[in-house]
Amino acid sequence: MKLFEELFNREPLPLFLAPMEAVTDAPFRKICKRFGADVVISEFISSEALIRDVSESVNKMSFSDDERPVGIQIFGHNESSLREAAEIAAAQNPDFIDINWGCPVKKVVSKGAGSAILKDPEKMVRLTKSVVEAVKLPVTVKTRLGWEATDKPIVQIAEALQDIGIQAIAIHGRTRSQMYSGEADWTLIGEVKNNPRMHIPVIGNGDINSPEKAADYKKRYGVDAVMIGRAAIGNPWIFKQIRDFEQGRGYNIPDYSERVEVCLEHLQAEAAAKGDRRAVLEMRKHYAGYFKAIPYFKETKLKLMEALSVEEIFAAFRS
Ligand SMILES: Cc1cc2nc3c(=O)[nH]c(=O)nc-3n(C[C@H](O)[C@H](O)[C@H](O)COP(=O)(O)O)c2cc1C
């Protein structure tokens with residue numbers, strides 16, 4: 001309770017790094033934190049896998065104290081599994097447990113988890129309640145507007161979830177059918193926030209990709225915080241840029257040498273955490289962000305994308 005009271009009752013309002021599978025692992029979260037992300041959340045973790053003690057999933061719960069406040073995000077479709085997984089996650093002592101009711105991916109929704117629950121708001125409320133009751137930590141929810149364009153029950157759902165005790169809600173302004181296409185619609189996020197019955201923090205998410213847009217959307221829709229996903233991939237500087245802009249300062253675009261430095265630091269931290277091979281593969285998602293708009297970068301980028309070892313990546317920057 002105290003955490004969210006403190007976080008949301010101060011200026012400037014907090015910036016969230018969105019949970020992203022195979023992106024927001026501990027090394028990247030730490031870098032984002034250093035560049036001004038206030039709150040970070042783990043990648044989504046399967047409740048069934050946690051219960052079966054699958055090491056890959058268990059490892060995803062790891063975080064260090066310098067990441068705090070940090071949430072562990074779980075997903076699932078079965079009430080007792082979700083509850084048990086929440087207890088397992090809570091034993092790691094994060095600052096909060098986040099439930100993923102927004103994932104649009106087929107293998108998740110086909111089982112009734114992620115955004116599929118939006119087709120059954122009663123079940124969504126029942127399962128969430130059971131997690132709220134199972135753990136002493138604050139529970140938050142991350143979700144979408146609804147399943148499809150003709151069914152966007154987010155205003156009622158947010159109220160019902162608030163009533164059973166969640167402490168904040170993050171809303172991605174798309175339906176499941178939209179996946180990631182089109183533009184995020186923030187008007188319904190604004191409606192949730194401006195519903196006079198709502199008193200928990202509402203975190204807006206979707207398409208925030210510049211300091212100007214973050215400031216504009218925060219003001220226009222009145223949300224308590226913004227959450228940034230894709231625009232942070234390979235671009236942890238975005239958090240500091242948003243802060244600087246918000247406080248009336250100009251913001252810096254990092255130069256090439258800073259980008260290389262942070263990218264290599266990121267790579268090395270990934271290698272230390274997951275081994276060279278995996279680090280090299282997972283870093284491929286980040287290069288477009290790290291080296292966006294760098295002129296004459298094509299050849300180096302090709303080398304980075306083809307590299308199979310950490311040494312080859314270092315070499316690509318030397319050549
Ligand atoms: C590669 C990738 C992985 C994602 N994984 C998760 C996840 O594990 N949990 C989750 O709640 N959302 C996940 N999302 C959704 C994001 O958290 C976010 O809601 C979405 O990208 C919209 O925000 P943005 O426009 O700022 O990227 C993922 C998105 C991307 C692009």
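Note that this is a predicted model, so its numbers are computed, not measured. First listed ligand is number 1; within each ligand, the first listed atom is number 1.
Close approach to R230 involves these atoms of ligand 1, each under 4.0 Å from a residue heavy atom: 21 (O), 24 (P), 25 (O), 26 (O), 27 (O), 31 (C). Annotation for ligand 1: atoms under 4.0 Å from non-hydrogen atoms of D207 are 24 (P), 25 (O), 26 (O). Atoms of ligand 1 found under 4.0 Å from any heavy atom of N100 (numbered from 1 in listed order, with element): 9 (N), 10 (C), 11 (O). Residue contact check: A18 has heavy atoms under 4.0 Å from atoms 17 (O) of ligand 1. Listed by atom number, the atoms of ligand 1 under 4.0 Å from K142 heavy atoms are 10 (C), 11 (O), 12 (N), 15 (C), 16 (C), 17 (O), 18 (C), 19 (O).
Between the side chains of Q241 and N252, no donor-acceptor pair is found at a separation under 3.5 Å. Side-chain contact annotation: S319 with K303, donor-acceptor N/O pair under 3.5 Å present. Residues S81 and E48 have side chains that bring a donor and an acceptor to within less than 3.5 angstrom of each other. For the 3.5 Å distance criterion, the side chains of S80 and N78 qualify, holding a donor opposite an acceptor.
Where the criterion is an N or O separation shorter than 3.5 Å, residue side chain and backbone included, E43 fails it with respect to ligand 1. In terms of polar-atom proximity, R174 is not counted as a contact of ligand 1, lacking any N or O under 3.5 Å from an N or O of the ligand. Remark: ligand 1 and V23 share no N or O pair separated by less than 3.5 Å (distance only, no angle test). Close N/O approach between F44 and ligand 1 is found [any backbone or side-chain N/O within under 3.5 Å].
A heavy-atom separation below 4.0 Å is found between G206 and ligand 1.
Taking all atoms of both residues into account, the shortest heavy-atom contact from A49 to S46 is N-OG, 3.0 Å.
Salt-bridge formation is not detected for the pair D185/R144: no Lys NZ or Arg NE/NH1/NH2 atom is positioned less than 4.0 Å from an Asp or Glu carboxylate oxygen. A salt bridge links D244 and K240; the closest N-O separation between the charged side-chain nitrogens and carboxylate oxygens is under 4.0 Å. For the pair R174 and E183, the salt-bridge criterion is not met [side-chain N within less than 4.0 Å of a carboxylate O].
The single protein non-hydrogen atom nearest to atom 18 (C) of ligand 1 is N205 OD1, 3.4 Å, given as residue, atom name and distance. Counting protein heavy atoms only, atom 7 (C) of ligand 1 is closest to P19 O, 3.4 Å. Looking only at heavy atoms of the protein, atom 26 (O) of ligand 1 is closest to G229 N, 2.8 Å. From the protein, the heavy atom lying nearest to atom 5 (N) of ligand 1 is E21 N, 2.8 Å.
Looking at Q73 against ligand 1, only its side chain comes within 4.0 Å, counting heavy atoms. Only the side chain of H172 comes within 4.0 Å of ligand 1, judged by heavy-atom distances. Counting heavy atoms under 4.0 Å from ligand 1, residue Y180 touches it through the side chain alone.
Here F75 and F44 bring their ring centres to under 6.0 angstrom of each other. Taking the six-membered ring wherever Trp is involved, the centroid distance between the rings of F317 and F291 falls below 6.0 Å.
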CA sep, side-chain torsions, deciding dist, call: I99, K142, side chain to side chain contact (heavy atoms under 4.5 Å, CB included): CA-CA 6 Å; I99 309 178; K142 180 166 177 289; over 6 Å; no
